[in-house]
Amino acid sequence: MGSRTMKAPVLRLSLWLSLLPGLALAQGAPIPVPTQTACTVEGMLDEVRVAMKTGSPAYRKYARLRLKEAAIALPPEALGRAVSQERDPAVLEAVGAALATKASNAQKPELLQPLLSRASQDVDPGLRAAAVRALQGSPSVEFMAKNGGVVTYEQLVRDSAPEVRKAVVENLVTESAGIYFGHNPELAEAAVKVAAASGDPAVATRLLGEVSMEAASPEAVRKLTQQLRSEDAGLRAAAAKALGGVPGSESAGARRSLTSLYRSDSDLAVRKASLEGIARLGQSGARPLLASLRGVDPRLDPEIDAWLSALQRNLQEWHLILREKRRLLP
């Protein structure tokens, strides 16, 4: 009963509120028009700052994306100043990504100088890492080269802070897959150089394992082959798998190196990686070579048999061959 008596006043109030705009027009009352506010770097950074502190993950993502989209029309000088002065890592990453978008859209790599300076020179490792992460999703290897190679990933991967080294790896992996789809010789060469320069087996292993070598130059393949002599077994295994993905023009030398590695290396994981590299280089044509390796390490004869069975199906795509082999023998 009480709930029914409350509904009528609420409905009348809602109806009255809905009529207010019409009544105002009928009486000639002025209706406030939303004022336009200038889209400035400072204003948008305030929004990003609030989003980073109190917003939901979805709102934080929206604020970063909005700043990147607006950056195309924002003055580069103001974006550069904001990058140079920002002290909050999350906000620096957001405004740095906006500056990278501006540089990419305008085809002016020199605009990235403030961001590269923060990445290489800031005393705060969290800010250095944020500056590196801001480059993710841009053609950063190309832009670094066009800036004279003053700051490179080879230099940044030697940073004492693990978060900076991690950011370098994420950038290169993302750039390879998301921008060039595995077909960029400069990026492949950069990944090999960074892996060699890192001094961190985990960093090198991930780079060689996830950055495509399909467009690698002869020099990059030579440096990659040198990693087969690394003291770290994980790095040798990663290099062996990466050699399986080199261009056809480099396949003969890579095949010889992998065959020699299989016969000489005593580490089981390295030998397994060598077999995978050989299989990928030759695909169905690799069967005679794989068969000739039976008996070198009896523990891996089932592995060779699984590759032979998978390759016998004449599948045309490597990922299908790999999936079939893993079905036969994980």
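Between E93 and R64, none of the side-chain N atoms (NZ, or NE/NH1/NH2) sits under 4.0 Å from a carboxylate O, so this pair counts as no salt bridge. The pair R66-E69 does not count as a salt bridge, with every side-chain nitrogen at least 4.0 angstrom from each carboxylate oxygen. Using a cut-off of 4.0 Å between Lys/Arg side-chain N and Asp/Glu carboxylate O, E142 and K146 are scored as salt-bridged. Classification of D88 and R49 as a salt-bridged pair fails, no side-chain N sitting under 4.0 Å from a carboxylate O. A salt bridge links E170 to R206: one of the charged nitrogens lies within less than 4.0 Å of a carboxylate oxygen.
No donor-acceptor pair closer than 3.5 Å links the side chain of R118 to the backbone N or O of P114. A donor-acceptor pair is defined here as one N or O able to donate and one able to accept, closer than 3.5 Å; such a pair exists between the side chain of R165 and the backbone of D159. Remark: the backbone N or O of P201 is not paired with any side-chain donor or acceptor of D232 at under 3.5 angstrom. A donor-acceptor contact shorter than 3.5 Å is absent between the side chain of S230 and the backbone of Q227. Using a distance-only test at 3.5 Å, with no hydrogens or angles considered, no donor-acceptor pair links the side chain of S176 to the main chain of V211. Between the S251 side chain and the G248 main chain, a donor and an acceptor come within less than 3.5 Å of each other. Looking at E86, its side chain never comes within 3.5 Å of a backbone N or O of S84 through a donor-acceptor pair.
A pairwise comparison of heavy atoms in S266 and R299 identifies O-NH2, 4.0 Å as the closest pair. Considering all non-hydrogen atoms of both residues, E276 and K241 come closest at OE1-CE, 3.6 Å. When all heavy atoms of V48 and A63 are compared, the pair lying nearest together is CG2-O, 3.8 Å. Among all heavy-atom pairs drawn from S217 and E189, the shortest one is OG-OE1, 3.7 Å. When every heavy atom of L228 is checked against every heavy atom of A239, the shortest pair comes out as CD2-CB, 3.8 Å. The two atoms that bring L99 and P76 nearest to each other are CD1-O, 4.4 Å, heavy atoms only.
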Side chain to side chain contact (heavy atoms under 4.5 Å, CB included) evaluation trace for L315 with Q283: CA-CA 9 Å; L315 299 169; Q283 297 198 17; over 6 Å; no
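V221 and W318 fall within a single hydrophobic cluster, where Ile, Leu, Val, Met, Phe, Trp and Tyr side chains are chained together by heavy-atom contacts under 4.5 Å. Taken together through direct or relayed side-chain contacts under 4.5 Å among Ile, Leu, Val, Met, Phe, Trp and Tyr, V194 and V173 form part of one hydrophobic cluster.
Defined by atom type and a distance below 3.5 Å, a donor-acceptor pair is present between the side-chain atoms of S140 and Y153. At a cut-off of 3.5 Å, with distance as the only test, no side-chain donor of N147 or E110 sits close to an acceptor on the other residue.
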